[in-house]
Student: 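Before anything else, here's the structure in question.
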2 protein chains.
Amino acid sequence: MTTIRDVAKLSGVSASTVSRVLNKNGYVNQETEQKVKQAIQKLQYEPNAVARGLASKKTGTIALILPNITNPFFPELARAVEDVARSYGYTVLFGNSDDQGDKEKSYIEVLKQRYVDGIIFSSHTLQRDDVVRLRSNKIPFVVLDRAPVGEACSVVRSNNLEGARMAVRHLLDRGSRKIAHIYGPQEILTAKERLRGYEETVKDFGWYTPTLMVPGNFRLDGGMSAAKELMQRHPDVDGIFVGNDLMAVGVLKTLLRMGIKVPEQVAVCGFDGIHLTEAVEPEITTVAQPIYELGALATKLLIQKVNGVDVENKVHELEVTLIPRDSTRKDTSL
Amino acid sequence: MTTIRDVAKLSGVSASTVSRVLNKNGYVNQETEQKVKQAIQKLQYEPNAVARGLASKKTGTIALILPNITNPFFPELARAVEDVARSYGYTVLFGNSDDQGDKEKSYIEVLKQRYVDGIIFSSHTLQRDDVVRLRSNKIPFVVLDRAPVGEACSVVRSNNLEGARMAVRHLLDRGSRKIAHIYGPQEILTAKERLRGYEETVKDFGWYTPTLMVPGNFRLDGGMSAAKELMQRHPDVDGIFVGNDLMAVGVLKTLLRMGIKVPEQVAVCGFDGIHLTEAVEPEITTVAQPIYELGALATKLLIQKVNGVDVENKVHELEVTLIPRDSTRKDTSL
DNA sequence: ATGAAAGCGCTAACAC
DNA sequence: GTGTTAGCGCTTTCAT
């Protein structure tokens, strides 16, 4: 292994000078710099990140904690975070909390031990005591979707409430007259807001009744079983706003399997904007979150914090877009 | 931050003794050990992984390089790797090479600098020079699917050849009489073997012709466009063996969109065994790889290597299972 | 069985 | 501008 001292020796300077050219800080003579750079070239020297981390408490690593890597939304998000992080010279460590608070805690522990520079939490199991611990350890972090109650954090999220309203209005516009909602786990703010948007928009219609709201788990199987339950309960439903795309795919499958035509008998609208919605037949209408932007913004904010910029602890809410597709097409036979 | 010296001071011993109880190596008196443990408890001491890494060259971290995080196969694999790694006390660093050799190389560089203990490559862009570099840096690694030509490595993979044969035979059994194949990128051994299995099995049939083999890219969109091309070229095809599940989902979508009934007119069989095949209608028959086992075995092998066990450089080939579903159901109306 | 000392490879004051 | 010095927090000989 070639070290900074080898470079120093070869270029006839001290290790600190080499360190200076490496980190582009402090004054260093043009010529000296050239000599050092040549030596680095010649020796194929690569600074050791571990040693650097120990000395400087900065490791050039940020972590991204995801709740469930099997929902395609998160890989898409991860890609954005990784892209931006790399462009700033950071490496990303991914962790999967599986929606388990204890797994999340153990990640925080491990990451702290590794001097990770900062963490992005896309996991709704982040607890208040976690936040306190992060703060006392001075580990910068950014939260996607929501912060623990009563904690001021930098939060990045989509306008879920308005998105839900858009979805329901779209279903009304295209002719649906009895619209149900399959919602996600209510511990997740996202799921809660979408449910609220639905309820607000439909509560004054004559057909509305609370049993039109059916719980799901944000996963494929949850969509399938919720759709089944819903259609048994209310066979006359002609539009479903599903809390996320993954469940919407499951809903579509169940409806088709039950012999129900989509969109002729029941229209389906999802939420998230994952590519999977374009891969099924019919393609599913969805309220698309700006997934890449969410990840990119979170990463930029985090890197600013890491660099000591005093980032305001506010909620950054990004707008969503309704993408109309065949699953909510107007029935032109009417 | 509480350090090993704080613990040493509180328990009235030296740092080395604390280190010994921490690492359970070397002799240490029962009583001393208790005192130290109490001090650790009291101070909530957590050893610093960076310092530890610098001193010992071991970081308790392994890395997993994935080619494409948006194919659900890889998150499922990642989960297995993470599970097993955690059970052995290792942390996993995930990297996404996007099938780009240079991104992969830059990962190797970064990981080396971080004293990562070992790497699992699930990326087919691993080059011969990468292997040479890893060897000279003494970084243990395990390869999923295939090693660069001429390099003896520990490889874990499925029996793709036999899997392809099973798929085609299944299509024949259920009544298909003109079977096409949509294959993946031929740089990927997996794709190549599956293609070979197809060709071998069908080449002696009268209906066989090379234009029944259509290239795809292992992604959703590739499946869609390949299916379109195929059906225009050979409208009388009545069975398609698709090189992977993600493309199969795309194929199914395109067929349905073209008004072609599945399985009545065309039967579809995929490969991989991802959950997504159960989330579409009709559910897609697939040759399931033992995804969890693949990841688990690769991880165990790697950890053995990391621990200095002299693991034989051989190919571990796991068996696959055909899961018959509706997309290849026999047409009972005949 | 335990401690002292050296050092992992680098950074960062502080001199000069 | 550049070198010297002193660590970062831990492991690991080598004495004792």
Side-chain angles (χ1 to χ4, degrees), chain A residues 1-37 39-40 43-61 109-117 137-138 308, chain B residues 1-37 39-40 43-61 109-117 137-138 308:
Chain A
M1 157 158 278
T2 116
T3 79
I4 199 171
R5 271 183 273 269
D6 299 324
V7 177
K9 202 172 293 173
L10 182 60
S11 37
V13 298
S14 76
S16 7
T17 303
V18 178
S19 174
R20 280 185 198 103
V21 345
L22 246 32
N23 298 295
K24 308 187 203 314
N25 60 10
Y27 299 88
V28 48
N29 186 327
Q30 286 278 334
E31 285 174 44
T32 326
E33 183 166 350
Q34 285 315 311
K35 274 193 300 186
V36 171
K37 282 188 171 163
I40 289 175
L43 296 175
Q44 295 260 56
Y45 167 73
E46 293 279 354
N48 178 309
V50 177
R52 207 173 225 183
L54 183 58
S56 70
K57 308 263 173 279
K58 297 231 160 282
T59 54
T61 309
E109 214 44 63
V110 169
L111 296 173
K112 193 183 82 190
Q113 289 169 211
R114 279 165 214 268
Y115 286 149
V116 76
D117 292 342
N137 282 295
K138 301 206 191 314
Chain B
M1 159 159 276
T2 118
T3 80
I4 199 171
R5 270 183 273 269
D6 299 325
V7 178
K9 202 171 294 173
L10 183 61
S11 38
V13 299
S14 76
S16 4
T17 302
V18 178
S19 174
R20 280 186 199 101
V21 345
L22 245 31
N23 299 295
K24 309 186 202 312
N25 59 11
Y27 299 88
V28 48
N29 187 327
Q30 288 277 332
E31 285 175 43
T32 327
E33 184 166 350
Q34 286 315 313
K35 274 192 301 185
V36 171
K37 281 187 172 165
I40 289 176
L43 296 174
Q44 295 259 57
Y45 167 73
E46 292 280 353
N48 178 308
V50 176
R52 205 171 227 185
L54 183 58
S56 69
K57 310 265 173 276
K58 297 232 163 280
T59 54
T61 310
E109 214 45 64
V110 169
L111 296 172
K112 194 184 80 189
Q113 291 169 208
R114 280 166 213 266
Y115 287 149
V116 75
D117 291 342
N137 282 297
K138 302 207 190 312

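What's counted below: heavy atoms across the whole structure, side chains too, no hydrogens, waters or symmetry copies. Every chain is numbered from 1 and lettered A, B, ... according to where its sequence line falls, protein lines coming before strand lines.
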Student: Hey, does B:V50 reach any base, or is it just sugar-phosphate, or nothing, if we go heavy atoms under 4.0 Å?
Tutor: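 No contact.
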Student: Specify the separation, in whole Å, of atom NZ of A:K58 and atom P of D:dC8.
Tutor: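 For the pair A:K58 NZ and D:dC8 P, the rounded distance is 17 Å.
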Student: With rounding to the nearest 0.5 Å, note down the distance linking OG1 in A:T59 to CG in A:L111.
Tutor: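 So the OG1 of A:T59 and the CG of A:L111 are separated by 9.5 Å.
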Student: Give a yes/no on whether any side-chain N or O of A:S19 is located under 4.0 angstrom from OP1 or OP2 of C:dT11.
Tutor: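 True: A:S19 side-chain N/O within range (under 4.0 Å) of C:dT11 OP1/OP2.
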Student: As a test of reading the structure: which of D:dT4, C:dC8, D:dC10 is closest to the side chain of B:P47, going by heavy atoms?
Tutor: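 Out of D:dT4, C:dC8, D:dC10, the nucleotide with an atom closest to B:P47's side chain is D:dC10.
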Student: Which heavy atom in A:R20 sits nearest to a heavy atom in A:Y27, and how many Å separate them?
Tutor: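 Looks like CD-O, 3.6 Å.
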Student: How many angstroms lie between atom CD of B:E46 and atom CE of B:M1, to the nearest 0.5 angstrom?
Tutor: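 One gets 9.5 Å once the value is rounded to the nearest 0.5 Å.
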Student: Can you check whether any acceptor in the base of D:dT12 is under 3.5 Å from a donor in the side chain of B:S56, or vice versa?
Tutor: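 No.
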Student: Using a 4.0 Å heavy-atom cut-off across all strands, classify A:T17 as base, sugar-phosphate, or nothing.
Tutor: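 Touches sugar-phosphate only.
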Student: Could you give the side-chain donor-acceptor pairs of residues 5-13 of chain B under 3.5 Å, partners two or more places apart or in another chain?
Tutor:
{"from": "B:D6", "atom 1": "OD2", "to": "B:T3", "atom 2": "N", "distance (Å)": "2.7"}
{"from": "B:S11", "atom 1": "OG", "to": "B:V7", "atom 2": "O", "distance (Å)": "2.5"}

Student: Could you tell me the separation between the CZ atom of A:R20 and the P atom of C:dC14, rounded to a whole number of Å?
Tutor: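 Distance check: A:R20 CZ to C:dC14 P gives 14 Å.
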Student: Between A:A51 and B:S16, name the one whose nearest nucleotide on DNA chain C is closer to the 5' end.
Tutor: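 Here B:S16 is the residue nearer the 5' end.
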Student: In whole angstrom, give the distance that lies between atom CG of A:N48 and atom C1' of C:dG9.
Tutor: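 Going from A:N48 (CG) to C:dG9 (C1'), I get 6 Å.
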Student: Got a sec? Which of residues 21-33 of chain A come in under 4.0 Å of DNA chain D, heavy atoms?
Tutor: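 Close to the strand are A:Y27, A:V28, A:N29, A:T32.
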Student: Which atom names give the shortest non-hydrogen contact between A:Y45 and A:L22, and what distance separates them?
Tutor: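 Of all heavy-atom pairs spanning A:Y45 and A:L22, the closest is CE2-CD2, 3.7 Å.
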Student: Strictly below 4.0 Å, heavy-atom distances to any atom of DNA chain D: list the hits from residues 3-11 of chain A, or just say none.
Tutor: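 Heavy-atom cutoff 4.0 Å gives no residues at all.
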Student: In whole angstrom, what separates B:L54's CG from C:dA6's P?
Tutor: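 Rounding to the nearest Å, CG of B:L54 and P of C:dA6 are 18 Å apart.
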Student: CD of B:Q113 versus P of C:dT11: gap in Å, rounded?
Tutor: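 Whole-Å distance recorded here is 11 Å.
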Student: Taking all heavy atoms of A:Q113 and all of B:P47, pick out the closest pair and write down the distance.
Tutor: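 Heavy atoms only, the tightest pair is CG-O, 3.4 Å.
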Student: If I take atom CG from residue B:D117 and atom OG from residue B:S56, how far apart are they, to the nearest 0.5 angstrom?
Tutor: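 Answer rounded to 0.5 Å: 8.0 Å.
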Student: Strictly below 4.0 Å: does B:R52 bring a side-chain N or O up to OP1 or OP2 of D:dG9?
Tutor: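 So the side-chain polar atoms of B:R52 never come under 4.0 Å of the phosphate oxygens OP1 or OP2 of D:dG9.
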Student: Only one of B:I4, B:V36, B:N25 passes side-chain contact (heavy atoms from CB on, under 4.5 Å) with B:S19; say which it is.
Tutor: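 Result for side-chain contact (heavy atoms from CB on, under 4.5 Å) with B:S19: B:I4.
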Student: Do you know which two heavy atoms are closest between B:V50 and A:Y115, and how far apart they sit?
Tutor: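 That would be CG2-CD1, 3.4 Å.
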Student: Given atom OH of B:Y115 and atom C1' of C:dC8, what is their separation to the nearest angstrom?
Tutor: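 Interatomic distance, OH of B:Y115 to C1' of C:dC8: 7 Å.
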Student: Write down the distance between CZ (A:R114) and C1' (D:dG9), rounded to a whole number of angstrom.
Tutor: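 Value for this atom pair: 15 Å.
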Student: Would you mind reading off the distance between B:M1 atom CE and D:dC8 atom P, rounded to a whole angstrom?
Tutor: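 Distance check: B:M1 CE to D:dC8 P gives 12 Å.
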Student: Please name the pair of heavy atoms, one in A:E33 and one in A:V21, separated by the smallest distance, quoted to 0.1 Å.
Tutor: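 Smallest heavy-atom distance, with atoms named: CG-CB, 4.3 Å.
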